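To start, the structure itself, in structure tokens.
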Amino acid sequence: MSDNETSRSSNFIRQIIDEDLKTNKNNGRVVTRFPPEPNGYLHIGHAKSICLNFGVAQDYTGSCHLRFDDTNPNKEDSEFVQAIQDDVRWLGFDWGEQPYFASDYFQQLHDYAVQLINMGKAYVCDLSAEEVREYRGTLTEPGRNSPFRDRRVAENLDLFARMRAGEFENGTKVLRAKIDMASPNINLRDPTIYRIRHGVVHHQTGAEWCLYPMYDFTHCLSDAIEGITHSLCTLEFEDHRPLYDWFLDTLGTDCHPQQIEFSRLSLQYTLTSKRKLTELVNEKLVEGWDDPRMPTIAGMRRRGYPPAAIREFCHRIGVTKSGNSVEMGVLESCVRDELNAHAERRMAVLRPLKVTIESYPEGSGEMLVVSNHPQDESMGTREIPFSRELYIDRNDFLEVAPNKKFKRLVSGGEVRLRNAYVIRCDEIIKDAAGNIVELRCSHDPETLGAAPEGRKVKGVIHWVSAPHALTAEVRLYDRLFNHPAPDASKDGKNFREHLNLESLEIVTTCYLEPSLEHAKQGKVYQFEREGYFCRDSHSAEQRSLIFNRTMTLRDSWAKIESANMHSGVLGGVNKHPRRSQ
RNA sequence: UGGGGCGUCGCCAAGCGGUAAGGCACUGGGUUUUGAUCUCAGUAUGCGCAGGUUCGAAUCCUGCCGCCCCAGCCA
């Protein structure tokens, strides 16, 4: 991580920490934690939390624990435990010696529960789930005490021991904290802290327990056990803070971390709901958790987003308590900035149109030395073959220029071949149906690395040498949803109805310059004038060459063009206008 | 209509009583063998609304309005 990436952001949480440090509140220590439940893959919303928690720890020379909040074995899986670690590491963060697991504390948690019972602050309740709900009251009416609320301590102790011993069926009994059934805060109306779960194998503890603690009880105590100083979570837990404090105060733990809430990220045109992302995966609406269209960290990795771009994004959006809805453009800008600076340039033709340079001697060719980055010499050079037969992109040729601004190749016109010669289109070859199948051109041999004499050629287009070209499949991605808030649209539609059916376009016959033959999976290149692409990390081994488009280039021409189309100034020139994702 | 939050430019977001930072987006100019990059300039007499306190208010007070979250044996 670069230096300028750290130590610069400030937000209300850092202000609180600054104040705590000033008053020596935790003896100058800063310990945070990132506590995912291993029931799915991490997404961009988690990235915000990861950057916040690990970033704070880094900048205050503290530490950040990666702790799995694994108290619900019904939904969790070790596949997720592994994936989460891979993702956090890839994002660039280090959790030190080992990850933590809430399940490591099951025995301690159990003992704390017994302590609560002994204090008369918890009781075993025989009400069914439905009865518990009825007794809880509503938002505007207080709840009623459970008939089991006043069981004697000895009886509670006995019952709880037998719950643990497996004597009772699922759902027949729970352990509840005895707080206040009339509290205006529903979370304080004797919340359940332990439930019975027979017959599930926990990914960490196996079949050791048939009793599992609930989040509110587990989280604060896990934080206290680990000596966390600042427990950062999202806004929906604000109502739970009194409970967080109640358990720690009641049990008198030595350590009492401070819970601070911030608003969760909402990114337009996508989802950050783990439940819904799971649905997309399980119902095969996408290829998997790492589908390049997914807002998951694994998906963005496969797509080619650099980790530094994601960190920069998290920095740019900030941390506050206000509701937000961040535009995709911010993420895209971060990805482009990072890739523009670090991606090597290459040439690739996505929609090939054959070009023959008739003035170029038949059977000959030459190697041109071109730079890998126009602004960064340290990235070196490479050689690309030039020959008599080339491919250019169909979108770079038009028989007649639609307007004075068009500066690509037209019949009888000239254009610069990027890194090579200026050519002129002399003849158009069409098939029986009238489709253009080839261009016959001539080149100006004096224009290699030199401006043409006596005229100016404005356009520059990319190309590849036909006999040397590599054939590849290219996958073009667009946004997964066509509604800015697929999750919360007011039109009554389910988020699945907002899926963009054109989010993936596969172009099967693309031609690449030869240097791309051994492109490493995941390394992102800029295909000049097309965008950023990386070799797919799944299929690169078994299939030939498959590239994912990470991101388009900013395209002010497409913008002008679509504006013109809407105002009727010119017809459709580009059948495939570039669109940012 | 209970409780907890939030409202500063199209979207994020600084600001913490001294006269509205910055980023993204957008618009216009320059450079350019990527219509990319880079670069210059422009964009809130206004901070949800209405009162009040003050020499001075986005910042303090009062009252409204709007939006979000909470009734899992999920986290």
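Every value quoted in this text rests on a predicted model; they were computed, and no experiment measured them. In what follows, chains are A, B, ... by sequence order, proteins preceding strands, each numbered from 1.
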Suppose you measure atom [atom1] in [N] against the same atom in [M]; what distance do you get, rounded to whole Å?
N: B/G66; M: B/C47; atom1: C1'; result: 16 Å
N: B/C26; M: B/G63; atom1: C1'; result: 38 Å
N: B/A57; M: B/G52; atom1: P; result: 12 Å

Whether the side chain of [X] and the base of [N] hold a donor-acceptor pair under 3.5 Å is what I'd like checked.
X: A/Q526; N: B/U34; answer: yes
X: A/R529; N: B/U34; answer: no
X: A/R408; N: B/G35; answer: yes
X: A/N185; N: B/G4; answer: no

Residues forming a side chain to side chain contact (heavy atoms under 4.5 Å, CB included) with A/V326, sequence neighbours excluded: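 So A/V326 forms a side chain to side chain contact (heavy atoms under 4.5 Å, CB included) with A/L265, A/L267, A/F313, A/I317, A/N324, A/V330.
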
Partner residues of A/H240 under the side chain to side chain contact (heavy atoms under 4.5 Å, CB included) criterion, sequence neighbours left out: A/N187, A/D216, A/F237

Which residues share a ring-ring contact (aromatic ring centres under 6.0 Å, His included) with A/H203, sequence neighbours left out: none

Residue-level proximity of residues 169-182 of chain A to RNA chain B when a heavy atom falls under 4.0 Å: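 Correct list: A/G171, A/V174.
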
Stacked pair A/Y215-B/A75, distance under 5.5 Å, angle under 30°: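 It does not: the two rings, one from A/Y215 and one from B/A75, miss the stacking criterion.
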
Identify each atom pair where a protein N or O and an N or O of nucleotides 5-7 of chain B are less than 3.5 Å apart, giving names and distance.
none

Would you give me the side-chain donor-acceptor pairs under 3.5 Å for residues 135-143 of chain A, sequence neighbours excluded?
{"unit_1": "A/T138", "atom_1": "OG1", "unit_2": "A/T140", "atom_2": "N", "d": "3.2"}
{"unit_1": "A/T138", "atom_1": "OG1", "unit_2": "A/E141", "atom_2": "N", "d": "3.0"}

Identified pairing partner of B/G35, criterion: Watson-Crick or G-U wobble below 3.5 Å: none

Which residue lies more 5' along RNA chain B, comparing A/N72 with A/S263 via nearest heavy atoms: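 Upstream on the strand: A/S263.
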
